[in-house]
Amino acid sequence: MNTTRHARSASAALVLAASAVGAANLAHAQANSSGNNSSVQLFGLLDIGVQALKSSGSDTRYLVNSDGNTSSRFGVRGTEDLGGGLKVGFWLESAVAVDDGTSGATSTNNKDSVSGGLTWGRRATVQISSADWGELRLGRDYVPSFGNLTTSMHPFGTNGVGSSGLLFYPVPAGGTTARTSVRASNSIGYFTPSGLNGFYGHAMLALGEQGAGPTRKDGQLTGVRVGWRNETFNASAAMSRTRYATGDYTQSNVGLSYKWGPAKLMALWGRNEIGITSTTATMLGTQWEVWPQGELRFAYTWLKAKNVASDANQIALGYVHDLSKRTALYGNISRIDNKGRGTRFNVGLATTVPGGDSGGVEAGIRHNF
């Protein structure tokens with residue numbers, strides 16, 4: 001690890017955060033003095049735990065690792081009430097790896113990975129909203145098709161050894177490594193207003209911002225998500241398509257959840273297509289309240305692959321215990337079995353044996369502020 005580079009990155013992040021907070025506090029004070037209704041909030045979440053990973057053909061590996069339950073983050077956000085039901089706001093949010101203090105890699109152009117990540121790689125947006133017509137949001141943000149992969153439709157969301165991302169994310173193929181299964185930069189997004197009798201929607205256009213030539217459309221994403229929900233039921237469908245000269249990437253999924261007594265029953269279907277290749281995953285699971293502070297989580301997923309990798313299935317079991325409204329303890333255990341001669345899928349430690357399995361157990365603590 002290049003400790004000098006990481007130290008500089010961490011220092012830069014702290015300087016930018018301090019500058020953002022200072023500027024926000026100044027703007028807040030000025031707004032209050034002029035009678036405007038505005039607010040600025042510094043927020044974050046830290047999640048850290050220990051993991052033991054084992055896969056076919058390898059020894060057990062022990063880790064101190066972040067994000068076993070929820071993604072760690074640090075951010076600043078604010079809103080200003082312009083009157084007449086119109087509001088403007090901003091949101092700056094950075095990833096934090098609590099185990100070593102770094103941030104993760106990301107992409108500025110929806111095509112190439114950037115080493116060291118972006119300072120505000122989780123989200124960087126300015127938005128304007130109205131209760132009448134909804135919200136217009138510009139910057140780096142979640143793509144519409146990511147919404148169904150979170151804990152709204154999957155018991156574990158996209159974190160830990162039970163993560164939906166292990167089988168619901170794309171497999172690189174034909175020279176295309178998709179960077180837009182979670183977020184996209186240079187985006188223009190629209191969210192429908194609340195109060196539409198339970199209906200909701202999200203549409204996005206994100207620009208790849210490439211130069212002239214055959215790859216000029218690379219990284220350009222279009223996506224949409226529509227759904228309906230009430231106090232017990234939630235259903236939505238989404239699709240996002242990102243253009244690449246080496247093969248377009250299409251992510252589509254459908255999620256359902258139903259609150260039945262203490263249990264929240266969930267079903268999720270998702271397909272990732274790159275050129276002539278595809279992976280299709282289906283999950284059945286639940287979040288079950290076993291007492292006021294405790295929740296059991298279970299998910300079983302099976303994946304079918306076409307012209308890439310191989311079939312696989314995954315089983316995951318977890319428990320979350322709330323110590324307070326801001327702090328929780330958790331534990332998860334999961335196993336992935338690759339079918340045929342496949343070796344692609346794992347919970348964090350790759351198998352070296354064709355058709356091998358990969359398993360992991362983890363326990364940790366999550367605290368938000």
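Just so we're clear, the structure is a prediction, and the values are computed from it rather than from any experiment.
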| request: Using the side chain to side chain donor-acceptor pair (under 3.5 Å) rule, take Arg225 and Ser236 through it: C-alpha gap first, then chi angles, then the decisive distance, then the call. | output: CA-CA 7 Å; Arg225 182 189 185 207; Ser236 70; 3.1 Å; yes

| Can you tell me how far the CG atom of Asn234 sits from the OH atom of Tyr258, to the nearest 0.5 Å? | 13.5 Å

| task | Compare all side-chain heavy atoms of Glu80 with those of Leu86 and state whether any distance is below 4.5 angstrom. | result | no

| request: Report the C-alpha separation of Glu295 and Arg297 in whole Å, then their side-chain angles, then the decisive distance to 0.1 Å, and conclude whether the salt bridge (Lys or Arg N to Asp or Glu O under 4.0 Å) test is met. | output: CA-CA 7 Å; Glu295 180 183 85; Arg297 298 180 173 186; 2.8 Å; yes

| query | Given Tyr249 and Thr180, is the side-chain contact (heavy atoms from CB on, under 4.5 Å) satisfied, shown in steps? | reply | CA-CA 9 Å; Tyr249 165 53; Thr180 55; 3.8 Å; yes

| said: Less than 4.5 Å apart, side chain to side chain, heavy atoms only: is that true for Trp120 and Arg140? | reply: no

| field | Residue pair Ser163 / Tyr169, side-chain heavy-atom distance below 4.5 Å | value | no

| request: Find the distance between CD (Glu273) and CD (Gln251) and round it off to the nearest 0.5 Å. | output: 11.0 Å

| Backbone N or O of Leu138 within a donor-acceptor pair of the Thr125 side chain at under 3.5 Å? | no

| said: Evaluate Ser164 against Thr158 for side chain to side chain donor-acceptor pair (under 3.5 Å), listing each step before the verdict. | reply: CA-CA 5 Å; Ser164 64; Thr158 56; 5.4 Å; no

| field | Student check: side-chain heavy atoms of Trp302 and Leu284 closer than 4.5 Å | value | yes

| note | To the nearest 0.5 Å, atom CD1 of Ile365 lies from atom CG of Leu46 at 10.0 Å

| request: Spell out, as yes or no, whether a donor-acceptor pair under 3.5 Å connects the side chain of Asn253 to the backbone of Ser145. | output: yes

| field | Exceeds 12 heavy-atom contacts within 6.0 angstrom, atom CG of Asp59 | value | no

| request: Say whether, by atom type as modelled, one donor and one acceptor occur between the side chain of Asp67 and the main chain of Ala97 under 3.5 angstrom. | output: no

| said: Is there a side-chain contact between Phe298 and Thr286 in this structure, where contact means two heavy atoms from C-beta onward sitting under 4.5 Å apart? | reply: yes

| Donor-acceptor pair, Asn338 side chain versus Ser310 backbone, under 3.5 Å? | no

| Roughly how far, to the nearest 0.5 Å, is the CD atom of Gln220 from the CG atom of Asn186? | 11.0 Å

| message | Is it the case that atom CZ in Phe369 sees more than 12 heavy atoms from other parts of the structure closer than 6.0 Å? | response | yes

| Can you check whether Ser55's main-chain N or O pairs, donor with acceptor, with Ser358's side chain at less than 3.5 Å? | no

| field | Within one Ile-Leu-Val-Met-Phe-Trp-Tyr cluster: Leu303 and Leu166, side-chain cutoff 4.5 Å | value | yes

| More than 12 heavy atoms from other groups under 6.0 Å of CD1 on Ile276 | no

| message | More than 12 heavy atoms of other residues, nucleotides or ligands under 6.0 Å from CH2 of Trp288: yes or no? | response | no

| request: For the residue pair Val182 and Tyr142, establish whether any side-chain heavy-atom pair is separated by less than 4.5 Å. | output: yes

| field | N/O donor-acceptor pair under 3.5 Å between Lys217 side chain and Gly219 backbone | value | no

| query | Any ion pair linking Glu93 and Arg122 (charged N to carboxylate O, less than 4.0 Å)? | reply | yes

| task | Side-chain contact test, heavy atoms from C-beta onward, threshold under 4.5 Å: evaluate it for Arg326 versus Ser324 and give yes or no. | result | yes

| request: Look up atom NE2 in His154 and atom CG in Leu149, then write down how far apart they are to the nearest 0.5 Å. | output: 8.5 Å

| field | Test item: Ser56 side-chain N/O and Thr351 main-chain N/O as donor-acceptor pair under 3.5 Å | value | no

| said: For Lys339, is the NZ atom crowded, meaning more than 12 foreign heavy atoms sit under 6.0 Å from it? | reply: yes

| request: Calculate, to the nearest 0.5 Å, the distance between atoms CD1 and CZ belonging to Ile128 and Arg137 respectively. | output: 13.5 Å

| After noting the C-alpha distance and the side-chain angles of Thr176 and Thr246, does the key distance pass the side chain to side chain donor-acceptor pair (under 3.5 Å) rule? | CA-CA 6 Å; Thr176 296; Thr246 51; 2.5 Å; yes

| Are the side chain of Ser103 and the backbone N or O of Ala95 linked by a donor-acceptor pair below 3.5 Å? | no

| task | Give a yes or no answer on whether the side chain of Thr177 reaches the backbone of Pro172 with a donor-acceptor pair at less than 3.5 Å. | result | no

| said: Quick check: do Gln287 and Thr151 have side-chain heavy atoms less than 4.5 Å from each other? | reply: yes

| said: Please identify which of these residues, Lys306, Arg341, Lys304, meets the salt bridge (charged side-chain N to carboxylate O under 4.0 Å, His left out) condition with Asp311. | reply: Lys304

| request: Let me know which of Thr70, Asn159, Asn69, Asp47 forms a side chain to side chain donor-acceptor pair (under 3.5 Å) with Tyr330. | output: Asp47

| said: If we check side-chain contact (heavy atoms from CB on, under 4.5 Å) with Gln314, which of these qualifies: Asp357, Ile336, Asn346, Asp337? | reply: Ile336

| note | On a heavy-atom basis, the closest approach of Arg73 and Val96 is C-CG2, 4.1 Å

| query | Under 3.5 Å, is there a donor-acceptor pair between the side chain of Ser278 and the main chain of Asn272? | reply | no

